[in-house]
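Presented below is the structure to which this report refers.
Each chain gets a letter, A, B and so on, in the order its sequence line appears, and its residues count up from 1.
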There are 2 protein chains.
Amino acid sequence: MGRDVGLPIGALASRTGTKVNTIRYYEDIGLLPHAARTASGRRSYGPEDVRRLAFIRSARGLGFSIDEIRSLTALAAGPEQDCAEVRALAARHLLDVDERLERMARLRAELARIVQLCEGGRIADCRVIEAIEATLPSAV
Amino acid sequence: MGRDVGLPIGALASRTGTKVNTIRYYEDIGLLPHAARTASGRRSYGPEDVRRLAFIRSARGLGFSIDEIRSLTALAAGPEQDCAEVRALAARHLLDVDERLERMARLRAELARIVQLCEGGRIADCRVIEAIEATLPSAV
DNA sequence: CTACATTCTCCAGTAACTGTAGAATCAAGA
DNA sequence: TCTTGATTCTACAGTTACTGGAGAATGTAG
């Protein structure tokens with residue numbers, strides 16, 4: 001009867017900046033696998049769970065939906081997959097990420113410009129929305 | 001009685017990739033100002049509304065919450081604001097955006113690597129989660 | 001003047017959490 | 001050992017940010 005060396009749910013939560021309830025929710029919807037349980041029925045997690053959850057939280061924070069994350073994590077499902085399929089999926093995500101990167105970079109540039117402007121004491125043209133719009137990709 | 005030259009809600013919706021109901025929702029919660037109305041009570045929009053909504057949708061897609069967007073668009077509220085306050089707000093958002101940019105860039109690198117790997121016909125080490133985790137900022 | 005599309009308000013449903021209630025378990029100190 | 005506060009458990013209700021539908025009014029093309 002080796003003692004349980006896994007992390008309890010609270011430790012996983014604090015390590016990944018996730019709420020305890022959110023972790024249980026992810027397990028419910030199958031985004032995380034069923035956690036191992038201790039003798040008394042408490043969830044117990046290992047380093048792999050920390051990695052997976054950290055990835056999920058990061059991707060969520062970047063605006064990916066649960067379904068998109070399911071499809072992203074499917075890329076890591078192992079060597080038994082069809083290579084062409086995985087490649088197509090990854091390539092599609094790559095295009096998407098590139099677009100987000102561009103928009104994020106434009107937002108960054110505009111914020112930096114505002115900080116600069118306000119530094120100089122002037123504020124008259126802190127027109128963040130117009131400035132960002134002016135650089136939008138497909139002239140929305 | 002000049003005729004109404006504004007866009008109806010459906011046109012604003014298609015121009016910004018937003019659902020009609022979502023536009024009305026944004027008005028309800030005060031994220032968009034009350035729209036002008038035609039004689040018969042229909043909403044009518046101008047170019048400024050297109051810009052503002054395009055910005056909101058872009059920011060939402062990048063993972064910013066409605067409250068964060070309220071605070072971002074506040075930067076565009078005009079010259080009657082306190083300069084130091086605006087600067088501080090913009091600087092805070094800038095740090096946040098930089099962090100997101102970093103994470104986005106790492107995700108991009110990993111996706112590119114997978115596409116490369118799969119290109120060569122091998123797939124054994126398409127370990128997207130582990131690879132991304134390995135480059136996470138604060139060793140979560 | 002039809003007939004079909006668009007808009008209106010109101011309200012119910014969904015996605016992704018977030019919080020709470022009540023009971024069980026754990027871990028540290030007296 | 002006993003107790004006392006912190007964690008965990010399940011279950012369910014509430015929140016945020018939409019999304020969709022019903023039924024009525026209005027717009028527009030033929």
Side-chain angles (χ1 to χ4, degrees), chain A residues 1-46 49-50 52-73, chain B residues 1-46 49-50 52-73:
Chain A
M1 320 96 165
R3 69 203 165 79
D4 185 11
V5 292
L7 295 171
I9 196 168
L12 177 62
S14 62
R15 245 157 256 242
T16 57
T18 313
K19 304 257 166 82
V20 165
N21 277 344
T22 303
I23 297 174
R24 290 196 275 247
Y25 169 72
Y26 286 162
E27 183 178 328
D28 282 352
I29 63 170
L31 191 57
L32 289 176
H34 287 298
R37 300 287 182 132
T38 66
S40 68
R42 301 194 163 191
R43 291 173 180 83
S44 175
Y45 298 95
D49 296 302
V50 179
R52 189 181 179 104
L53 183 53
F55 171 74
I56 290 170
R57 294 308 294 171
S58 180
R60 285 292 295 134
L62 292 174
F64 291 92
S65 71
I66 299 277
D67 268 3
E68 286 169 328
I69 294 171
R70 269 191 228 276
S71 148
L72 274 168
T73 55
Chain B
M1 326 84 170
R3 67 201 167 80
D4 185 11
V5 292
L7 296 170
I9 196 169
L12 177 62
S14 62
R15 243 156 258 242
T16 57
T18 313
K19 303 259 166 79
V20 165
N21 277 343
T22 303
I23 297 174
R24 291 196 275 248
Y25 169 72
Y26 285 162
E27 184 179 327
D28 282 352
I29 63 170
L31 191 56
L32 288 174
H34 287 298
R37 298 289 181 130
T38 67
S40 68
R42 299 192 164 192
R43 290 173 181 83
S44 176
Y45 298 95
D49 296 304
V50 179
R52 190 182 178 102
L53 183 54
F55 171 73
I56 290 169
R57 294 307 295 172
S58 180
R60 284 292 296 134
L62 292 174
F64 292 91
S65 71
I66 298 276
D67 267 4
E68 286 170 328
I69 294 171
R70 269 191 228 277
S71 148
L72 274 168
T73 55

Upstream residue (5' side of DNA chain D) when B:I56 and B:A39 are each assigned their closest nucleotide: B:I56
Check B:A35 against B:Y45 and note the closest heavy-atom contact, atom names and distance. CB-CE2, 3.5 Å
Counting C-beta onward and ignoring hydrogens, is there a side-chain heavy-atom pair between A:R42 and A:R37 closer than 4.5 Å? no
Do A:R60 and A:I66 have side-chain heavy atoms sitting under 4.5 Å apart? yes
Using atom [atom1] of [X] as one end and atom [atom2] of [N] as the other, report the distance to the nearest whole Å.
X: A:I69; N: C:dA15; atom1: CD1; atom2: C1'; result: 13 Å
X: A:R42; N: C:dA27; atom1: CZ; atom2: P; result: 8 Å
X: B:E68; N: D:dT16; atom1: CD; atom2: C1'; result: 13 Å
X: A:I29; N: C:dT18; atom1: CD1; atom2: P; result: 12 Å
X: A:N21; N: C:dA16; atom1: CG; atom2: P; result: 17 Å
X: A:Y25; N: D:dG14; atom1: OH; atom2: P; result: 18 Å
X: A:I23; N: C:dC17; atom1: CD1; atom2: C1'; result: 13 Å
X: A:I9; N: C:dA24; atom1: CD1; atom2: P; result: 20 Å

Kindly determine whether A:R70 and A:D67 satisfy salt bridge (Lys or Arg N to Asp or Glu O under 4.0 Å), including the steps that lead there. CA-CA 5 Å; A:R70 269 191 228 276; A:D67 268 3; 3.6 Å; yes
Please check the phosphate of [N] (OP1 and OP2 only) for any side-chain N or O of [X] closer than 4.0 Å.
X: B:R43; N: C:dT9; answer: yes
X: B:Y26; N: D:dC18; answer: yes
X: B:R24; N: C:dC11; answer: no
X: B:R37; N: C:dT7; answer: no
X: A:S40; N: C:dA24; answer: no
X: A:K19; N: C:dC17; answer: no
X: A:T22; N: C:dC17; answer: no

For B:A54, does its backbone N or O pair with a side-chain atom of B:S58 as donor and acceptor, under 3.5 Å? no
Work out how much the helix from C:dC1-D:dG30 to C:dT14-D:dA17 bends between its end axes, five pairs an end, to the nearest 10 degrees. 30°
After noting the C-alpha distance and the side-chain angles of B:D49 and B:L32, does the key distance pass the side chain to side chain contact (heavy atoms under 4.5 Å, CB included) rule? CA-CA 8 Å; B:D49 296 304; B:L32 288 174; 5.6 Å; no
Run the side chain to side chain contact (heavy atoms under 4.5 Å, CB included) check on B:Y25 and B:L31 step by step: do they pass? CA-CA 9 Å; B:Y25 169 72; B:L31 191 56; over 6 Å; no
